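This is a predicted model, so every value here is computed, not measured. A, B, ... follow the sequence lines: proteins, then strands. Residue 1 opens every chain.
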Number of protein chains: 2
Amino acid sequence: MGTVTKALELLNLFTRQRPLIGLSDLARLADLNKATCYRLVTELCDFGLVEQVGSAREYRLGPAVLRLSTLREAQVPTREAAMPVLQALAQKTGETAHLSMLMGPALHTLGFAYATTHMTRVTMEDAEVLPFHATSSGLVVLAFQPEPFREAVLAQPIPRLTGRTETSPEALRARLAEVRGQGFAESRGAFQAEVHSMAVPLFDALGRCTGAVAVAALASRMTEDQRRLIRFALTGAGSEITTLWGGTLPADIVTLWRLAA
Amino acid sequence: MGTVTKALELLNLFTRQRPLIGLSDLARLADLNKATCYRLVTELCDFGLVEQVGSAREYRLGPAVLRLSTLREAQVPTREAAMPVLQALAQKTGETAHLSMLMGPALHTLGFAYATTHMTRVTMEDAEVLPFHATSSGLVVLAFQPEPFREAVLAQPIPRLTGRTETSPEALRARLAEVRGQGFAESRGAFQAEVHSMAVPLFDALGRCTGAVAVAALASRMTEDQRRLIRFALTGAGSEITTLWGGTLPADIVTLWRLAA
DNA sequence: ACCATCGGTTCAAATAATAAACCGACAAGA
DNA sequence: TCTTGTCGGTTTATTATTTGAACCGATGGT
């Protein structure tokens, strides 16, 4: 593994739950020698990707990420473009909408929107990276990946997260085929108990699946009518965001979604 | 220079004017061997900070910057928090408002907002890093830096950008003292001819100046009344953003601004 | 048919990264 | 007060990684 990758991996250690990390912790988490870690994090600091803060001299993500993301959004409006659609989706369905994007080997949260309808809602703050096997977004993205990718994911350990998590590779393979057949995925309490969710895939200009939009609701609110409504709103949002991102929906997806509506 | 820094420097080569860069260009711009550059940019790609796009296989900033900035904004709302103030400032003054932040040795643009009042406006898209000596933001930030930093900047070459750019270190030193004395800075066509601007400093929790807010207008619209209005709106926005960022205005700034109002 | 340039690869030589031990400072516990 | 442990940070010789020049096939303009 190259030095640069090691340094960048440090950035991945910062999460919503753990936004501040001291040098020793950082070294432990990254499994690096403290001196090595110090050198790397110092270089990240000099660039501004990380900054040192407070009396304990802990580290956190720095202001350079803002600068870079402003630049990126100016050229490829991704988050900014999708957020209004996401908010509309949350409003239409009365539930929590969620946007995720495939980055390298993992599916990352890009944003979410809450409806103002209910007092109870599914919060998404805690899930930075989504497990492929236990979320509707994960399932739908995985379903539309090339086979080697799918198998690589299934070859890894598949943790049981709730009582309803599917953990057998064979069953998951069948599940993915089913998802491909219907053009969307559904998860019933496999990630968090009591949370049902549905997701549709997003595609880039070359027809590759690069992410997903999902709606998550408390199981008790997931009536058959509500499922139909969500499915309808989701396919609309999915095709809208795909278009905004300059992508094109594969023909079979278009027909599947048209049938569903 | 460390390998990590070299890799990160590659990110700085992407600008609004030059969002896509091929491998050979990248190597030339960064003054790196092509093989070295390839290895570095590949590592950046794997992480998602950079992505390869199109038939020409050019590189551009990748989606990981979004992920990181979302994470950073969740913990330290910086851009998100300041943008509404910036928009209000543009609206109040009827001119272009601009927000910048000191990152390492350079002053970078963080955002800007346009007023809808006039048909002509000062556009800020082209200025990613602001010269210290020729912009009101640059002057005001430099004025409030510790002396070694100031002198380091003045020791570097000072390019003449327009006919009205001040380029003598002695004159600039006097200018900075003046800025410190009045709590804001003004630039009259020193960066772009026909553009006048005014800026106030922003401070962090330790009273260090970390950035600036500015208003830029066409010279012809900069009447004495308008200057007063802008100065008033600027000091308001400056103290607002400083507070939002968890900073505190130094006592002397507070009194200077109170006098101005 | 030529020449230049593109993105990407190879491999020996050179350079930069690494690990372990160490430093002073600080805080909790005995 | 005197350990004891941990903190952020530094030093050093050893080691592994990075580097640069040459090279590849593909592409495109002359």
Touch class at under 4.0 angstrom, heavy-atom based, for A:Gln52 against every strand present: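 Since only primed, P, OP1 and OP2 atoms lie under 4.0 Å of A:Gln52, the category is sugar-phosphate.
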Contact summary for B:Pro201 and B:Thr242, nearest pair of heavy atoms: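 Closest approach of B:Pro201 to B:Thr242, heavy atoms only: O-OG1, 4.4 Å.
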Below 4.0 Å: OP1/OP2 of [N] and any side-chain N or O of [X]:
X       : N      : result
B:Tyr38 : C:dG7  : no
B:Arg28 : C:dG7  : no
B:Arg39 : D:dG20 : no
B:Thr3  : C:dA16 : no
A:Ser24 : D:dG8  : yes
A:Tyr59 : D:dC7  : no

Would you kindly give the [atom1]-to-[atom2] distance between [X] and [N], to the nearest whole Å?
X       : N      : atom1 : atom2 : result
B:Ile21 : C:dG7  : CD1   : P     : 11 Å
B:Leu32 : C:dG7  : CG    : P     : 15 Å
B:Asp46 : C:dG8  : CG    : P     : 12 Å
B:Asn33 : C:dC11 : CG    : P     : 16 Å
A:Glu51 : D:dG8  : CD    : P     : 16 Å
B:Leu23 : D:dA26 : CG    : C1'   : 15 Å
A:Glu43 : C:dA16 : CD    : P     : 11 Å

A:Phe47 six-ring face occupied by A:Arg67 cation (under 6.0 Å, within 45°):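 Satisfied, under 6.0 Å and within 45°.
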Ion pair check, B:Glu51 and B:Arg60, cut-off under 4.0 Å: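 Salt bridge flag = yes for B:Arg60 with B:Glu51.
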Pairwise 5' ranking along DNA chain D for A:Ala56 and A:Gly2, keeping only the more 5' one: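 Nearer the 5' end of the strand: A:Ala56.
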A:Arg57 vs B:Leu40, nearer the 5' end of DNA chain D by closest nucleotide: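 Final value for this comparison: A:Arg57.
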Side chain B:Lys34 and base D:dG20 donor-acceptor under 3.5 Å: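 Answer is no: no donor-acceptor pair is held.
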Nearest-nucleotide pick for B:Thr36, side chain only, options being D:dT18, C:dG8, D:dT19: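 For the B:Thr36 side chain, the nearest candidate turns out to be D:dT19.
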Test item: B:Glu73 side-chain N/O and B:Thr78 main-chain N/O as donor-acceptor pair under 3.5 Å: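 Such a contact is found between B:Glu73 side chain and B:Thr78 backbone.
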Main-chain N/O of A:Cys45 paired with A:Gln52 side-chain donor or acceptor, under 3.5 Å: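 No, because the side chain of A:Gln52 does not come within donor-acceptor range (under 3.5 Å) of the backbone of A:Cys45.
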Residue whose closest nucleotide on DNA chain C lies nearer the 5' end, B:Ala35 versus B:Asp25: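 Comparing both residues, the 5'-ward one is B:Asp25.
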